[in-house]
J.: 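Got a structure for you, questions after.
Since the model is a prediction, treat every value here as computed from it, not as a measurement.
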Amino acid sequence: MSELLITNWHDELTILGLIDGKVEYLDIVSDNNRTGNIYTGRVENKVGNLDSVFVRFENDKGKHGIGFLPIKDIPVNCILNRKIAESSEVRSGDIVLVQIKADEQKTKQARLTSKIKLPKDSTYENLDKLIEIASTRCEYQLLFGNSKPLHQLVSETVLKLFDTFETEIKVLTDLKDVFDELSSNYVECSFYDEETERISLFVKYSLTSKTDDLFKKKVWLPSGGYLIIEQTETLNLIDVNSGKNLKKNDKFFLELNKEAAIEAYRQIRLRNLSGMILIDFVSMKDKNMSQEFTDFVQELIAGDERKMKFIDLTGLGIMEFTRDKFKKTLKETIDYIKK
């Protein structure tokens with residue numbers, strides 16, 4: 001039996017999946033990707049040399065609530081507070097209907113468009129109806145969001161973990177309001193009462209120590225080797241080191257690399273790393289062992305829900321991957337929460 005814990009982690013509602021006592025799933029619920037969300041925004045300023053405007057769409061998120069909107073992407077009927085003949089007439093203070101085309105990434109603000117694409121699950125009949133309703137709303141209103149209710153998210157996560165790890169999942173929370181919501185929506189869940197147990201959920205499951213490595217540059221492996229993980233603006237680098245182990249032969253390196261690949265993939269998933277990922281595994285001279293390891297890695301990532309893809313093994317022995325972005329990295333998210 002493994003556990004799906006729903007608790008406040010770094011002061012944010014978080015779902016943590018523990019498989020045989022090890023964290024294999026982590027999702028900060030409040031950090032749902034905003035891509036596709038539709039808002040009534042307010043033009044903060046117009047940048048003539050860029051033929052664009054900056055639009056605030058969330059009023060309480062500071063710089064995280066502002067996006068970049070090219071003027072060419074503004075149909076005149078999406079200016080809600082007045083009628084204009086051409087999109088070039090847009091000015092500061094205008095209320096505009098916007099959709100997030102790409103959520104913020106690292107230092108880049110969200111990219112917006114007013115060429116709205118209504119999602120399949122939208123409750124609006126058509127774009128004209130959406131514009132009509134949006135015209136009655138004030139600025140900074142969320143008209144459509146792609147976030148899921150907690151009970152649906154938990155149910156889907158239980159099924160996902162069951163399919164991936166082939167183990168029964170027990171749902172547990174120390175938050176009474178979460179327990180009530182899940183129970184009322186027919187999600188089988190147990191309430192962890194700290195007063196009755198006389199120990200907190202965090203201490204009971206050693207959550208601090210089990211998640212501490214997700215913020216470290218160096219991650220140790222059971223064999224004595226370790227990973228060095230570097231996150232940069234353009235790519236993510238993972239270097240595999242054998243440590244002080246004296247068994248320096250290809251058979252040892254093969255087992256070390258397999259161990260490192262499993263942990264590296266876990267770190268990639270939990271840290272939400274995406275884009276270009278380079279992993280420098282320990283080089284092996286034996287071509288058969290090298291091919292065996294390459295096949296092992298490709299099988300390991302085959303079911304990745306963010307479509308992690310093996311690209312190439314360079315002449316320097318570095319494996320290249322790409323991975324689709326869905327949410328901000330864990331590092332960005334925690335930094336954002338702290339701000």
J.: When the ring planes of F293 and F281 are compared, do they come out parallel, tilted or perpendicular, using 30° and 60° as the limits?
T.: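 Ring orientation, 0 to 90° scale: perpendicular.
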J.: Hey, does L97 have a side-chain heavy atom less than 4.5 Å from the side chain of I131?
T.: yes
J.: Applying side chain to side chain contact (heavy atoms under 4.5 Å, CB included), run through I66 and V55 and close with a yes or a no.
T.: CA-CA 5 Å; I66 300 175; V55 177; over 6 Å; no
J.: As a quick check of understanding, evaluate ring pair (Phe, Tyr, Trp, His ring centres under 6.0 Å) for F54 and F68, giving each step before the final call.
T.: CA-CA 5 Å; F54 284 94; F68 176 83; 5.6 Å; yes
J.: Is it the case that atom CD in E188 sees more than 12 heavy atoms from other parts of the structure closer than 6.0 Å?
T.: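 It does not: E188 CD has 12 such atoms or fewer within range.
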J.: When you compare the side chain of V96 with that of L80, does any pair of heavy atoms fall below 4.5 Å?
T.: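 No, their side chains stay 4.5 Å or more apart.
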J.: Does atom NZ of K309 have more than 12 heavy-atom neighbours, drawn from other residues, nucleotides or ligands, at distances under 6.0 Å?
T.: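 No.
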J.: Residues in side-chain hydrogen bond (donor to acceptor under 3.5 Å, both in side chains) with N8, at least two apart?
T.: none
J.: Less than 3.5 Å apart, which donor and acceptor atoms pair up between the side chains of residues 171-182 and the rest of the protein, not counting sequence neighbours?
T.:
| from | atom 1 | to | atom 2 | distance (Å) |
| --- | --- | --- | --- | --- |
| T173 | OG1 | I6 | O | 2.7 |
| T173 | OG1 | L175 | N | 3.1 |
| D174 | OD1 | T7 | OG1 | 3.0 |
| D174 | OD2 | T7 | OG1 | 3.2 |
| K176 | NZ | D180 | OD1 | 2.9 |
| K176 | NZ | D180 | OD2 | 3.3 |

J.: In this structure, are over 12 heavy atoms from other groups packed under 6.0 Å from Y186 atom OH?
T.: no
J.: Just to verify, which of R34, K108, K325, R111 counts as forming a salt bridge (charged side-chain N to carboxylate O under 4.0 Å, His left out) with D103?
T.: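 Looking at R34, K108, K325, R111, the match for D103 under the salt bridge (charged side-chain N to carboxylate O under 4.0 Å, His left out) is R34.
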J.: Got a donor-acceptor contact below 3.5 angstrom from the R323 side chain to the L273 backbone?
T.: yes
J.: Would a 4.5 Å heavy-atom cut-off, applied to side chains only, mark T333 and K328 as touching?
T.: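 Touching, per the 4.5 Å side-chain cut-off.
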J.: Among all residues two or more places apart in sequence or in another chain, which pass the side chain to side chain contact (heavy atoms under 4.5 Å, CB included) test with E320?
T.: L278, I311, D312, T314
J.: Before you tell me yes or no, could you show the steps for L16 and Y25 under side chain to side chain contact (heavy atoms under 4.5 Å, CB included), namely the whole-Å CA-CA distance, both residues' side-chain angles and the distance that decides it to 0.1 Å?
T.: CA-CA 5 Å; L16 297 114; Y25 180 88; over 6 Å; no
J.: With a 4.5 Å limit on heavy-atom distance, are the side chains of L143 and L130 in contact?
T.: yes
J.: Going by atom types only, do T329 and E332 share a side-chain donor-acceptor pair under 3.5 Å?
T.: yes
J.: Determine whether S87 and I71 make a side-chain contact, defined as any pair of heavy atoms from C-beta on separated by less than 4.5 Å.
T.: yes
J.: Checking side chain to side chain donor-acceptor pair (under 3.5 Å) for the pair Q141/Y39: CA distance, chi angles, key distance, verdict?
T.: CA-CA 5 Å; Q141 294 286 305; Y39 302 84; over 6 Å; no
J.: Does the salt bridge (charged side-chain N to carboxylate O under 4.0 Å, His left out) test come out yes or no for K204 and E197, once each step is laid out?
T.: CA-CA 9 Å; K204 170 80 172 179; E197 299 291 337; 5.2 Å; no
J.: Using atom types as modelled and distance alone, determine if a side-chain donor or acceptor of K331 lies under 3.5 Å from a backbone N or O of F215.
T.: no
J.: Taking the six-membered ring of Y265, is NZ or CZ of R269 closer than 6.0 Å to its centre and within 45° of its axis?
T.: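 Yes.
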J.: Run the side-chain hydrogen bond (donor to acceptor under 3.5 Å, both in side chains) test against D324 and tell me which residues pass, sequence neighbours left out.
T.: none
J.: Please report the C-alpha distance between L214 and L26 in whole Å, then the side-chain angles of each, then the deciding distance to 0.1 Å, and finally whether the side chain to side chain contact (heavy atoms under 4.5 Å, CB included) criterion is met.
T.: CA-CA 10 Å; L214 302 179; L26 191 155; 3.8 Å; yes
J.: Heavy-atom count check: over 12 atoms from other residues, nucleotides or ligands less than 6.0 Å from M276 CE?
T.: no
J.: Going by side-chain hydrogen bond (donor to acceptor under 3.5 Å, both in side chains), name the residues that satisfy it together with K170, two or more places apart in sequence or in a different chain.
T.: none
J.: If you count the non-hydrogen atoms of other residues, nucleotides and ligands that lie under 6.0 Å from NZ in K117, is the total more than 12?
T.: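 No, the 6.0 Å shell around NZ holds no more than 12 heavy atoms from other groups.
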J.: So do the side chains of K217 and E230 get within less than 4.5 Å of each other, counting heavy atoms only?
T.: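 Answer yes - side chains close enough.
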J.: Is it true that the side chains of H64 and E58 contain a donor and an acceptor less than 3.5 Å apart?
T.: no
J.: Does any non-hydrogen side-chain atom of V53 lie less than 4.5 Å from one of V47?
T.: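 Not in contact.
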J.: Do R42 and D94 pass the salt bridge (charged side-chain N to carboxylate O under 4.0 Å, His left out) test, and can you show the C-alpha distance, the side-chain angles, and the key distance before you say yes or no?
T.: CA-CA 6 Å; R42 185 184 187 93; D94 278 340; over 6 Å; no
J.: Output every pair passing side chain to side chain donor-acceptor pair (under 3.5 Å) with a member in residues 251-263, not counting sequence neighbours, ordered by first then second residue.
T.: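 Pairs touching residues 251-263 that pass the test: K22-E263, S223-E259, K258-E292, E263-R266, E263-Q267.
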J.: With side chains defined as the heavy atoms from C-beta onward, is the minimum distance between L142 and N37 less than 4.5 Å?
T.: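 Yes, at least one pair of side-chain atoms sits under 4.5 Å.
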J.: Run V158 and K160 through side chain to side chain contact (heavy atoms under 4.5 Å, CB included) and show every step you take.
T.: CA-CA 5 Å; V158 169; K160 185 190 307 178; over 6 Å; no
J.: Could you state the interatomic distance from CG (L69) to NZ (K101), rounded to the nearest 0.5 Å?
T.: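 The NZ atom of K101 is 10.0 Å from CG of L69, to the nearest 0.5 Å.
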J.: I'd like to know if the side chain of S206 and the backbone of S209 have a donor-acceptor N/O pair within less than 3.5 Å.
T.: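 Answer holds: no.
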J.: Would I133 and L127 show up in the same hydrophobic cluster when neighbours are defined by side-chain heavy atoms closer than 4.5 Å?
T.: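 Yes; L127 is reachable from I133 via cluster members.
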J.: Is NZ or CZ of K129 both nearer than 6.0 Å to the six-membered ring centre of Y124 and within 45° of the ring axis?
T.: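 Ring-cation test returns no.
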